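The structure displayed is predicted, hence computed values, not measured ones. Counting convention: from 1, in listed order, for ligands and their atoms alike. When a residue number appears, it is its place in the shown sequence, counting from 1.
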Amino acid sequence: MHETAIPQQYCILVSVLEKNQPSHQAMEYLQELAFLAETRNLITKKTFTQKLDHPENRTFIGKGKVEEIKAYLEENPVDFIIFDDELSSSQVRNLEKELETTIMDRSLLILDIFLKRAQTAQAKTQVELARFQYMLPRLTRMWSHLERQRGGAGTRSGSGESQLESDKRDIRAHIDVLKERLLKIESQGVTQRKHRDGVARVALVGYTNVGKSTIMNLLTKADVFAENKLFATVDSTVRKVHMDGVNFLLSDTVGFIRKLPHQLVECFKSTLEEVREADLLLHIIDISHANFEDQMSVVNNTLIELKSNDKPVILVFNKIDGLLDELGEQGLEERVETLRKSYLTKDGVSAVFISATNKTNIDELKETLKTQVELVSTSSHIRR
Ligand SMILES: Nc1nc2c(ncn2[C@@H]2O[C@H](COP(=O)(O)OP(=O)(O)OP(=O)(O)O)[C@@H](O)[C@H]2O)c(=O)[nH]1
Ligand SMILES: [Mg+2]
């Protein structure tokens with residue numbers, strides 16, 4: 001058979017660190033950025049970091065670092081330079097001019113991944129809207145890219161300026177169309193949701209790649225796409241669950257991540273409506289991840305943003321098999337006990353420790369879920 005050859009693309013990563021940021025945390029953050037790049041099929045060739053109190057106005061990183069990267073690129077050209085932070089349009093312009101390589105920031109990378117992953121009309125429209133809103137103030141960059149494709153040399157004045165203005169007008173008009181389309185889709189969603197009154201609603205929430213979809217599949221026998229890439233799920237899926245006489249709706253939705261572009265959070269509010277309207281949250285945590293507590297606070301902060309931080313929560317510490325490999329059986333037990341104590345003390349929150357892939361402690365998860373669903377079902381706000 002004839003194989004279609006997709007040319008492999010390469011990138012380097014650039015990250016600015018706070019002066020007193022612990023180095024292991026910085027490493028984790030860079031690994032996450034490399035994972036994001038990998039999810040977009042980019043191979044990371046090298047990472048550059050710089051400790052700075054404040055990013056430089058002109059090029060975000062310091063002059064010396066720009067020179068260092070430039071020297072590296074002369075010997076090792078790549079397709080993209082990816083920054084871990086959101087850059088202004090002038091920073092992108094200045095950097096591209098000096099480094100002669102396409103610059104991408106973390107937000108654009110995440111938006112690109114979402115764009116590829118979105119399946120439903122709603123998610124597609126939401127991502128497109130977020131992308132255009134991100135692009136509008138940065139249009140000079142897109143223009144310069146277009147110019148380069150046409151064989152020109154970056155942004156030009158004269159005809160270029162007026163072209164830019166008309167491009168901006170087009171994009172604004174497009175944003176309006178997308179907003180309208182989204183309103184229409186959302187109003188259909190509201191009608192669908194209204195029909196679910198009387199049944200408790202449970203939402204899976206958590207950082208990306210922690211195992212939400214795997215757990216959804218385990219509890220509902222649904223066939224939700226799960227894989228070891230970031231943002232495997234970008235849409236919401238809702239399934240009915242019957243568990244020994246207890247009925248509820250379970251939803252799986254997009255995972256959270258640190259520095260999620262704010263345009264995305266805004267546009268995804270309707271997809272995340274499942275979370276906002278839930279009676280109970282299952283907060284899934286990848287306990288085998290070195291930064292899991294950091295990830296928990298990203299999730300908790302996103303829940304605050306969604307005004308959903310006061311809902312009853314079950315903490316589901318997943319992937320204990322990873323810890324078993326690392327600590328052995330006794331070590332795992334001790335760790336679980338310590339965590340159980342520290343998390344159970346907080347407002348009587350339930351915590352379960354499971355492995356979704358090895359199906360360890362799933363009965364305990366189901367029992368806890370049943371008890372909590374019965375609890376929220378008897379509370380007054382679920383209309384029968
Ligand atoms: N070792 C181990 N891996 C797991 C476990 N549960 C899920 N995984 C793996 O973790 C990866 C991510 O799982 P998903 O279910 O896609 O995670 P998700 O939270 O839905 O991820 P997004 O949709 O990308 O936010 C997959 O490769 C799963 O096979 C577990 O208990 N142990
Ligand atoms: Mg998923």
Side-chain angles (χ1 to χ4, degrees), residues 31-41 109-120 123 126-127 202-239 250-261 264-265 268 271-272 274-275 281-292 294-296 298-299 302-303 306 313-329 332 335-336 339 351-366:
Q31 267 170 22
E32 180 177 273
L33 188 64
F35 198 5
L36 276 169
E38 189 189 316
T39 299
R40 200 198 167 277
N41 290 324
L109 183 59
I110 293 177
L111 282 164
D112 259 21
I113 294 170
F114 269 63
L115 208 59
K116 284 216 176 69
R117 298 266 164 170
Q119 296 285 327
T120 61
Q126 285 166 332
V127 185
V202 183
L204 290 157
V205 294
Y207 208 77
T208 179
N209 209 44
V210 294
K212 297 179 295 298
S213 299
T214 311
I215 292 169
M216 174 85 172
N217 288 335
L218 204 64
L219 294 175
T220 68
K221 303 193 181 68
D223 206 4
V224 177
F225 184 57
E227 72 168 337
N228 193 23
K229 284 206 169 161
L230 301 181
F231 303 115
T233 313
V234 163
D235 302 275
S236 288
T237 316
V238 184
R239 291 276 181 280
L250 184 65
S251 70
D252 176 24
T253 191
V254 58
F256 303 153
I257 197 166
R258 53 186 277 278
K259 298 188 195 165
L260 196 63
L264 262 184
V265 180
F268 266 76
T271 290
L272 292 167
E274 299 295 346
V275 175
L281 302 178
L282 282 184
H283 180 169
I284 316 296
I285 299 131
D286 175 357
I287 198 180
S288 70
H289 197 286
N291 264 1
F292 79 88
D294 225 36
Q295 299 187 339
M296 283 176 84
V298 170
V299 173
T302 314
L303 288 175
L306 295 170
V313 180
I314 303 174
L315 296 177
V316 181
F317 292 91
N318 188 31
K319 307 200 189 181
I320 57 168
D321 54 297
L323 278 193
L324 183 66
D325 296 344
E326 187 190 319
L327 306 170
E329 207 151 315
L332 171 66
R335 175 73 65 88
V336 165
L339 284 169
V352 286
F353 295 81
I354 68 161
S355 162
T357 42
N358 290 4
K359 300 197 171 60
T360 317
N361 294 344
I362 302 305
D363 284 344
E364 189 189 336
L365 168 64
K366 286 184 176 171

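For the atom pair NE2 (H283) and CG (L204), the distance works out to 11.0 Å, reported to the nearest 0.5 Å. If you take CZ on F353 and CG on N361, they are separated by 9.5 Å, rounding to the nearest 0.5 Å.
Residues passing the salt bridge (Lys or Arg N to Asp or Glu O under 4.0 Å) test with D112, sequence neighbours excluded: R40, R131. Residues satisfying the side chain to side chain contact (heavy atoms under 4.5 Å, CB included) criterion with R335, sequence neighbours excluded, are L323, L327, L339.
For the pair N318 (side chain) and V210 (backbone), a donor-acceptor distance under 3.5 Å is present. Judged purely by atom type and a 3.5 angstrom limit, T302 has no side-chain atom pairing as donor or acceptor with the backbone of F256.
Near ligand 1, T208, N209, V210, G211, K212, S213, T214, A226, E227, N228, K229, L230, F231, A232, T233, G255, N318, K319, D321, S355, A356, T357 each place a heavy atom less than 4.0 angstrom from the ligand.
Side-chain contact between L219 and K366: present, with at least one pair of heavy atoms (C-beta onward) separated by less than 4.5 Å.
Ring geometry for F317 versus F292: interplanar angle over 60°, hence perpendicular rather than tilted (30 to 60°).
Within the protein, the N, O or S atoms sitting under 2.8 Å from the Mg ion (ligand 2) are S213 OG, T233 OG1.
Across all their heavy atoms, I320 and L332 have their closest contact at O-CD1, 4.0 Å.
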